[in-house]
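Worksheet: the structure to be examined is printed underneath.
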Amino acid sequence: MSLDKDTVRRVARLARIEVAEDRLEALGQELNQIIGFVEQLDEVDTSSVAPMTSVAKQKLRWRADEVTSGGQAEKVTANAPASDMNFFVVPKVVE
Amino acid sequence: MRDIPTNPDNLIAGETGDWEIVMGLEIHAQVSSNAKLFSGASTEFGADPNSQVSFVDAGLPGMLPTINERCVEQAVRTGMGLNAEINLYSVFDRKNYFYPDLPQGYQISQFKQPIVGRGTVTIELSDGSTKEIGVERLHLEQDAGKSLHDQHPSQTYVDLNRCGVALMEIVSDPDMRSAEEASAYVEKVQRIVRYVGSCDGVMAEGSLRADVNVSVRRPGGELGTRCEIKNVNSMRFIRQAIEHEARRQIEILEDGGKIDQETRLYDPNKGVTRSMRSKEEAHDYRYFPDPDLLPLEMEQEWVDAIRASLPELPDAKKARFMADFGLSEYDARTLVSDRDSADYYEAVASGRDPKLSANWVTTDLFGYLNRTGINIAESPIKAAQLGQLIDRIIDKTISGRIAKEVFEVMCETHQDPDAIIAEKGLKQVTDEGAITAVVDQVIAENPDKVADVQGGKEKLLGWFTGQVMKLSGGKANPQAVNKILREKILGD
Amino acid sequence: MAMNSDLTGLTLAEARDALAKGETTSVELTEAYIAAVAAARPLNAFVTETPEKAIEMAKASDARRSAGTVGAMEGLPLGIKDLFCTKDVLSTASSHILDGFQPPYESTVTTNLWNAGAVMLGKLNMDEFAMGSSNETSYYGPVANPWRPEGDNRTFVPGGSSGGSASSVAAEIVVAATGTDTGGSIRQPASFTGIVGAKPTYGRCSRFGVVAFASSLDQAGPMTRTVRDAAIMMGSMVGFDPMDSTSVDMPVPDFESALTGDIRGLKIGIPAEYRIDGMPPEIEKLWQQGEAWLRDAGAEIVPISLPHTKYALPAYYIVAPAEASSNLARYDGMRFGLRVDGNDLTETYEKTRAEGFGAEVQRRIMIGTYVLSAGFYDAYYLKAQKVRTLIGQDFEQAFGQVDAILTPTAPSAAFAAGEKSGDPIAMYLNDVFTVPASMAGLPGMSVPAGLSDNGMPLGLQVLAPAFDEMTMFRVGGVLESAAAFSARPRKWWLA
Ligand SMILES: [Mg+2]
Ligand SMILES: [Zn+2]
């Protein structure tokens with residue numbers, strides 16, 4: 001598998017990272033080097049192996065249905081680049 | 001997909017022939033719980049902006065999800081209500097996409113292994129028929145926050161209070177063929193979640209909302225391309241949206257066009273569906289198991305205990321009302337439409353005539369509640385009071401007609417029927433002496449009409465009964481009046 | 001009264017005992033360290049120094065001591081890796097994208113340390129989002145290794161990603177530091193700087209409040225001057241935390257009591273597959289030396305096989321970037337940190353993340369996004385998770401035969417700054433010996449064991465079965481005594 005320019009552009013878009021058009025080629029080569037490296041795994045026969053779900057061999061613990069948080073709108077929005085009346089303010093979303 | 005025979009009544013006539021609508025629904029039902037699915041913030045509706053947000057909900061660095069047991073239980077209860085398989089092992093996945101109301105950059109959902117598997121829902125149609133709708137799955141997931149676009153001309157305001165509230169996404173098979181079936185399905189799911197208490201089902205507040213997948217095809221033919229109409233939030237809008245969307249698709253196809261698979265929004269003001277513009281690129285959600293959460297495992301005994309605690313479900317209750325109380329399908333369906341109505345009815349009918357009780361509840365009480373907009377749970381006329389009123393009809397203290405009058409007063413004053421009967425002196429007169437006096441008076445004042453009756457116009461006896469009742473203020477027992485009249489005039 | 005340099009020369013255990021005996025106070029100790037931190041700025045080990053907070057905490061500690069309440073870390077001044085969120089103190093993960101971020105909460109691990117009485121000197125530099133093995137990817141600039149080869153004036157890397165932690169412990173400008181280890185980020189820098197670094201079993205340390213890199217691998221741990229220090233400090237970091245669903249509810253043993261010095265009868269595995277092609281002779285020699293030390297101490301050396309070792313690193317470079325690509329989606333300029341405005345929402349996202357993330361972080365996000373994308377999930381992510389199962393099985397089998405495993409920590413000594421930064425794969429290979437245990441969630445530690453031919457420190461790694469940190473410390477302690485590593489870096493930054 002190798003990443004061509006279009007693939008790099010698509011992946012960058014999915015990841016929401018701006019990549020200049022003239023950087024796509026070089027970035028693709030960098031990524032291909034890594035993809036080539038990880039493709040060593042093709043050598044391993046995993047046909048009868050279950051994927052690891054978690055290294056911690058335990059069951060998911062459940063929390064009681066209790067309200068333990070909230071009432072802290074100022075703290076929640078304190079680090080926001082823009083906020084107003086405890087709302088987060090973001091660039092206009094067009095639907 | 002199940003083979004469902006085409007129902008000719010559901011076909012839509014186009015210019016080039018008949019069309020059939022095929023629909024599957026995704027219902028998002030908000031889980032009734034105090035706290036959110038993965039955080040301890042409250043789920044209450046309508047609070048100040050970002051006041052019900054934990055640092056987990058805001059997606060702040062280093063924050064981790066922990067699961068709310070109540071939400072798991074509610075999903076299991078709902079699964080049972082949908083006659084579905086309960087999966088003791090399920091997995092939470094991350095659905096990755098960017099949106100300002102999705103702080104983590106992913107929604108925690110269940111993709112490959114949901115908590116609830118296949119089930120069925122029986123829907124009831126206006127012609128009295130029923131139909132089975134397949135349920136593909138139910139999974140737990142987080143709700144997103146809310147974006148407000150009208151606060152500022154060039155900015156969007158984001159409130160994360162809804163963010164992280166538990167949702168049950170219930171996915172149906174594409175088994176529905178008409179707008180009526182689709183809305184009947186939503187109504188039924190709404191009834192089920194309310195019965196089991198897992199969701200309040202209030203569409204206007206968004207706690208139950210439907211995405212409708214609509215496609216059209218030639219009757220019984222190949223499936224067409226579907227469009228998804230997102231977040232329709234009332235039964236009426238569901239029907240309207242489907243009808244508009246089906247007509248739109250038929251028009252395109254009949255003009256030789258092709259349907260684009262896309263997400264559309266229903267605009268109730270304009271009565272049209274429109275394409276959502278965010279579809280410029282294909283979504284690629286990159287699902288993978290959430291490494292912050294271990295697989296969700298439930299014990300069989302725990303699930304069994306939930307099953308044992310489940311209330312009687314609407315279908316079973318309806319069948320029982322018909323079998324044990326001899327109610328008609330229609331009355332039974334009406335009475336089980338919600339748990340409070342059914343409970344109210346059972347309280348009234350207990351030890352009384354079940355059909356007479358059903359009449360009073362469905363006609364008089366429901367009429368009153370509808371007029372006043374009062375919920376049956378808050379009815380000022382208690383089941384015991386309505387029962388007392390029915391008792392007075394049965395023990396002949398009052399006639400059915402007087403009972404209606406008493407009920408009107410009960411609506412006004414919320415008094416016990418016995419108190420009203422006593423206060424207004426409405427007790428039926430059965431004393432023959434008193435009735436005879438009135439009968440004699442009427443006969444004396446109408447000798448010509450007496451002659452007519454004696455001459456064969458027996459129908460006029462009804463007129464005499466009316467006069468006696470009128471003079472007695474309605475209190476005379478009509479059977480007694482009739483008997484005495486016949487004795488006096490006809491010598492029976 | 002003791003001289004300042006005498007105070008900063010004390011190990012954690014020594015400083016603890018000196019405080020207990022009243023030979024010094026936390027304020028005195030803290031002041032000495034504050035001065036040392038200020039003098040060591042050429043190392044660039046700190047992103048944020050918090051001297052005022054440190055003094056305040058030291059005073060409170062001294063007051064507690066007078067009142068008779070003494071925690072396990074009472075009065076000891078620490079450096080905290082900037083991956084830990086610390087309440088109202090800038091927490092950056094050494095990334096531009098977390099500009100100005102002051103969390104309104106404290107991580108569980110640091111909370112535990114403060115509850116044990118520790119004092120915070122500040123936040124330590126690291127590779128951006130813990131992605132790197134040389135501490136050259138930090139937005140706040142590279143960290144220098146206090147060690148330099150004799151007669152070499154170039155700057156050497158301290159390893160990474162916990163480079164600031166390693167450097168500051170080695171330079172004796174903190175008593176000890178917290179680190180985090182995803183694929184070797186505690187052990188490899190410990191090896192590069194001649195200190196002890198220990199990663200507990202996955203699930204021992206809460207991840208709550210630690211900026212996530214790869215959730216299924218991230219574990220915090222101590223970075224200290226001695227094995228005893230590591231045992232003491234780990235005891236104060238770990239513990240069950242209901243806020244982290246992967247935290248394990250198990251009793252915490254007294255790790256310090258593992259240091260019996262007695263490993264007679266223990267079986268130590270030597271995995272054949274760690275003898276990789278092109279391993280420098282000095283590494284091979286050190287490993288054999290370690291084997292000899294443990295044998296001499298009465299352990300039985302057992303050759304073992306971990307057949308999938310070779311595949312751990314490629315599997316790691318699928319799993320870790322995949323998880324990271326999702327974990328780092330929240331850095332989008334909307335609710336905290338940097339925002340770079342674009343013409344619309346999408347452009348704002350793209351510009352913010354292009355400017356906010358450095359090259360290595362972007363690279364890993366892109367790889368992770370790619371391997372999870374439609375059509376590739378099974379070939380990459382699922383495949384890697386299956387290989388991970390095999391790696392776990394390898395270790396399970398091995399620990400059926402042996403009590404602990406001995407390997408080199410890293411395939412080389414610290415290298416000069418810039419030497420490998422142009423070649424991602426060469427950089428990734430630094431973690432070839434540490435990654436397998438990370439993939440299996442096992443505890444591991446690096447113990448300084450000798451010097452390279454050019455006089456740079458080298459570490460040996462001890463791996464133990466899950467939740468058997470006791471054996472890890474027990475073997476580590478014996479290794480430490482046998483190696484008697486006493487070399488110290490020249491304090492060139494004071495010149
Ligand atoms: Mg959906
Ligand atoms: Zn959904």
Side-chain angles (χ1 to χ4, degrees), chain A residues 1 3-19 31 35 38 41 46 49-95, chain B residues 33-36 38-44 47-58 60 66-73 91-92 96 98-101 103 105 145 147-149 151-161 265 276-278 281 284 286 289 291 293-297:
Chain A
M1 221 89 54
L3 288 82
D4 57 17
K5 251 171 99 168
D6 284 345
T7 310
V8 178
R9 196 185 292 113
R10 185 176 59 81
V11 169
R13 176 67 166 200
L14 272 177
R16 296 292 186 274
I17 295 176
E18 183 183 63
V19 179
L31 300 180
I35 291 296
V38 303
L41 295 190
T46 51
V49 182
M52 184 171 277
T53 46
S54 173
V55 291
K57 291 187 181 80
Q58 57 172 352
K59 282 188 192 172
L60 183 62
R61 275 185 316 272
W62 303 352
R63 180 188 102 236
D65 180 26
E66 284 160 8
V67 175
T68 55
S69 183
Q72 48 179 6
E74 286 80 12
K75 282 185 184 172
V76 164
T77 54
N79 282 285
S83 66
D84 184 19
M85 301 178 299
N86 292 333
F87 286 102
F88 293 103
V89 177
V90 305
K92 192 87 175 171
V93 178
V94 187
E95 229 160 37
Chain B
S33 62
N34 297 318
K36 294 182 181 179
F38 294 116
S39 88
S42 167
T43 59
E44 217 149 306
D48 289 339
N50 289 312
S51 65
Q52 291 177 170
V53 178
S54 76
F55 301 138
V56 177
D57 307 321
L60 294 183
T66 53
I67 195 164
N68 181 338
E69 66 174 337
R70 178 74 178 152
C71 299
V72 176
E73 188 193 326
V91 173
F92 286 101
N96 295 283
F98 287 89
Y99 206 77
D101 66 14
S147 296
L148 305 161
H149 307 294
Q151 302 282 310
H152 192 283
S154 61
Q155 313 259 252
T156 291
Y157 280 42
V158 179
D159 172 18
L160 299 178
N161 281 349
L265 276 180
M276 284 171 77
R277 273 192 280 171
S278 57
E281 69 201 272
D284 184 344
R286 290 157 286 137
L293 292 162
L294 300 157
L296 175 61
E297 292 176 72

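Below, chains carry the letters A, B, ... as their sequence lines are ordered, and counting in each starts from 1.
Among A:A82, A:P91, A:S54, A:S83, the residue with the largest count of heavy-atom pairs under 4.5 Å with chain B is A:P91. Of the listed residues B:A58, B:S54, B:G105, B:A47, the one with more heavy-atom pairs under 4.5 angstrom with chain A than any other is B:S54. No other option in A:V89, A:T53, A:T77, A:N86 has as many heavy-atom pairs under 4.5 Å with chain B as A:V89. Heavy-atom pairs under 4.5 Å with chain A were tallied for B:V53, B:L60, B:V91; the largest tally goes to B:V53.
The part of B:V72 that comes within reach of chain A is its side chain, from C-beta onward, which places non-hydrogen atoms under 4.5 angstrom from that chain. Heavy atoms of B:S39 lying under 4.5 Å from chain A belong exclusively to its backbone. Contacts between A:N79 and chain B at a heavy-atom distance below 4.5 Å are absent for every atom of the residue. In this structure, no portion of B:E73 lies under 4.5 Å from any heavy atom of chain A. In this structure, chain A has a heavy atom under 4.5 Å from the backbone of B:S154, while its side chain stays farther away. Heavy-atom distances place no part of A:A80 under 4.5 Å from chain B, backbone and side chain included.
At least one side-chain heavy atom of A:Q58 sits under 4.5 Å from a side-chain heavy atom of B:L294. At least one side-chain heavy atom of B:P100 sits less than 4.5 Å from a side-chain heavy atom of A:V93. Under the 4.5 Å side-chain criterion, counting only non-hydrogen atoms from C-beta, B:H152 is not in contact with A:D84.
Residue pairs satisfying the salt bridge (Lys or Arg N to Asp or Glu O under 4.0 Å) criterion with at least one member in residues 60-80 of chain A, sequence neighbours excluded, are absent.
Interatomic distance, B:D57 CG to A:S69 OG, rounded to the nearest 0.5 Å: 7.0 Å. The line from CZ of A:F88 to CD of B:Q155 is 14.5 Å long, rounded to the nearest 0.5 Å.
For the ring pair (Phe, Tyr, Trp, His ring centres under 6.0 Å) test, residues two or more places apart in sequence or in another chain that qualify with B:F38 are B:F92.
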